[in-house]
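Below, all heavy atoms of this structure are taken into account, side chains as well, without hydrogens, waters or symmetry copies. From a predicted model like this one, the values you see are computed outputs, not experimental measurements. Convention: sequence-line order gives letters A, B, ...; per-chain numbering from 1.
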Amino acid sequence: MIKAFIKAVSYYLPANYLDNEELNAIFPSWSADKISAKTGIFKRPIAEAGETSTDLAFKAATKLFQEHTIRADEIDFVLLCTQSPDYFLPTSACVLQDKLGIPTTAGALDFNLGCSGYVYGLSLAKGLISAGIAKNILFITAETYSKYIHANDKGNRSLFGDAAAATLVSTSGVAEIGDFKLGTDGSGASNLIVRNGAFKHKHVVGQDEFDQEGNFIRNDSNLFMNGPEIFNFTARAVPSLISAALEHVRLTIEEIDLYIFHQANEYMLNFIRKKIGIPTEKFYIYLKDCGNTVSSTIPIALYEAMKSKIQPKNKVLLAGFGVGYSWGSTILYF
Amino acid sequence: MDANRFLADILEQFEGDVNEVNLDVPFKSLETWDSLTAAAIQMKIEDDYRVKVEDKNMRELTTFRDLYNFVLENKK
């Protein structure tokens, strides 16, 4: 079997940020200290009004090419993970191929996943490499959840940032991509959703809903996340996922050198870390300056960890989980 | 089931300074209490004490001692 490797990673954050002081100005009872204590986040990049996920993807790919001396004509497949595409059709990855000057002999497709997207994208890329279908895959995660979030939604505005990350998956590289464990539970679909706008509820206009204290809860035309339900799902699914992933390769928790989980929010991450029994020094956290960038949290954290934390011969376990519900993990062998 | 141990386990789910907190403090009155804290407490109790605390129980119980007694009464 042809092996698949991560060869290079880069990422792009939009220039403007929403920081905790600004959030406090909008929501006076939500102090800057409270926000950072609860979420672990100090600021989140927010795309401009006219800046779409494809624009972010383009910038991340350009950065990847420049940082790692890669030529566009070396790419033979474009994989784009996004839930906020430019159009219903055509495929945004096709538009990117053209913008980036990638050869017209390349394949390209979008796939729609959120927090589990990076792991799933690696699985697709590995499949393409192993089957001899592609040799140099430009895999991009790009998201602009800010465009789905209601201005009065204190919780979601505090958590989510916009970003894109670009990864080159190839037949050689710095980290071999190991086996995968995946999972899906669509019964949780309504707990993280933008209900209106696509074909199920195309013409419905959402109404603002409030609780008894006058706090905004939801509007069906915007992003809705049921925090406690997502917490419950994650705290149950992720420990099982990690056990299954380790059992599959006959490794113990201690034999993994670094865990990089989807950076949802620091509170939930710490709870899961303790529940699984991972020591703090092996549990990578990177979200204070970018927030939850959905499918880009793992590659952004990976890029940062590769600067100094990860050593040759390290085994790094990645785990993504969230909207869908969808989850997955893989082990990278450096 | 040690009450102080139980309190320490529950207080671990709150961020910030919890040094002055005793069993008779209403748990919803703490600064960092929110729906995620509730979910974390419910899960911690289920994992460690094998007792299911429903959302309606969380609404009805007031102090840490109430939580402790609930768990004592429902522990198998």
Side-chain angles (χ1 to χ4, degrees), chain A residues 20 24 27 29-42 153-156 158-159 188 191-192 211-213 215-218 224-240 243 264-277 280 285 288 292 322, chain B residues 1-22 25-64 66-68 70-71 74-76:
Chain A
N20 291 350
N24 181 223
F27 306 104
S29 62
W30 190 219
S31 75
D33 286 342
K34 219 177 189 174
I35 300 170
S36 56
K38 202 79 206 180
T39 64
I41 303 166
F42 289 80
D153 190 342
K154 183 181 86 177
N156 286 329
S158 305
L159 284 174
N191 289 320
L192 223 182
D211 68 15
Q212 278 148 345
E213 281 100 52
N215 299 312
F216 174 85
I217 304 174
R218 67 185 302 169
F224 169 71
M225 181 166 72
N226 184 329
E229 282 300 326
I230 299 298
F231 180 95
N232 286 337
F233 147 67
T234 308
R236 293 203 166 90
V238 178
S240 304
S243 296
N265 70 74
E266 198 163 348
Y267 183 84
M268 195 163 78
L269 282 176
N270 277 327
F271 187 95
I272 299 171
R273 178 191 68 73
K274 285 181 226 170
K275 185 164 173 170
I276 298 171
T280 24
I285 301 229
K288 68 180 177 63
N292 177 343
Chain B
M1 192 184 113
D2 181 61
N4 288 322
R5 183 69 233 260
F6 176 83
L7 180 63
D9 279 349
I10 304 305
L11 285 177
E12 222 191 315
Q13 312 314 319
F14 289 84
E15 306 95 299
D17 183 11
V18 289
N19 286 327
E20 299 303 309
V21 179
N22 62 50
V25 169
F27 54 86
K28 289 167 230 167
S29 71
L30 294 194
E31 175 87 39
T32 54
W33 165 266
D34 68 9
S35 56
L36 267 199
T37 325
I41 290 173
Q42 286 166 290
M43 180 142 305
K44 181 78 178 162
I45 291 175
E46 197 174 331
D47 286 348
D48 289 10
Y49 298 94
R50 300 257 171 270
V51 169
K52 184 107 179 78
V53 185
E54 303 287 353
D55 290 349
K56 89 172 175 71
N57 302 135
M58 291 298 278
R59 281 196 296 273
E60 287 159 359
L61 299 166
T62 311
T63 63
F64 287 99
D66 292 341
L67 258 178
Y68 173 70
F70 180 90
V71 174
N74 290 280
K75 215 162 141 26
K76 289 174 189 70

* To do: Could you tell me which residues in residues 25-35 of chain B have at least one non-hydrogen atom under 4.5 Å from a non-hydrogen atom of chain A, sorted by residue number?
  => E31(B), T32(B), D34(B), S35(B)

* Structure fact -> Between A264(A) and L269(A) the two heavy atoms that sit nearest each other are N-CD1, 4.3 Å

* State, with a plain yes or no, whether a side-chain heavy atom of M58(B) is found less than 4.5 Å away from one of L67(B). => yes

* Asked: Any chance NZ of K56(B) has more than 12 other-residue heavy atoms, nucleotides or ligands included, within less than 6.0 Å?
  -> no

* Structure fact -> Rounding to 0.5 Å, atoms CD1 (I285(A)) and CD (E266(A)) come to a distance of 4.5 Å

* N265(A) versus chain B, the contacting section by heavy-atom distance below 4.5 Å -> side chain

* Any donor-acceptor pair under 3.5 Å from D66(B) side chain to T62(B) backbone -> yes

* Structure fact -> Shortest non-hydrogen pair, W30(A) vs S158(A), comes out as NE1-OG, 2.8 Å

* Report, as yes or no, whether the 6.0 Å neighbourhood of atom NZ on K154(A) holds more than 12 heavy atoms from other residues, nucleotides or ligands. => yes

* **Pairwise side-chain contact, F70(B) with V53(B), heavy-atom cut-off 4.5 Å (strictly under)** => yes

* **Backbone N/O of I41(A) and side chain of N20(A): donor-acceptor pair under 3.5 Å** => yes

* To do: Considering only heavy atoms, give the residues of residues 40-48 of chain B separated from chain A by less than 4.5 Å, sorted numerically, with 'none' for an empty result.
  => A40(B), M43(B), K44(B), E46(B), D47(B)

* Asked: Any donor and acceptor pair, going by atom type alone, linking the side chain of Y68(B) with main-chain N or O of M1(B) inside 3.5 Å?
  -> yes

* To do: Below 4.5 Å from any heavy atom of chain B, which atoms of K38(A) appear? Answer side chain, backbone, both or neither.
  => both

* Looking at CG of D153(A) and CZ of F216(A), how far apart are the two atoms once the value is rounded to the nearest 0.5 Å? -> 5.5 Å

* **side-chain contact (heavy atoms from CB on, under 4.5 Å) involving D211(A) - partner list, sequence neighbours excluded** => E213(A), N215(A), I217(A)

* **Spacing of OG1 belonging to T234(A) relative to CD belonging to E229(A), to within rounding of 0.5 Å** => 10.5 Å

* Kindly indicate whether the side chain of L159(A), heavy atoms from C-beta on, has any atom under 4.5 Å from the side chain of M225(A). => yes

* Asked: For chain A, which residues from residues 5-16 of chain B lie under 4.5 Å away (heavy-atom distances)?
  -> E12(B), Q13(B), E15(B)

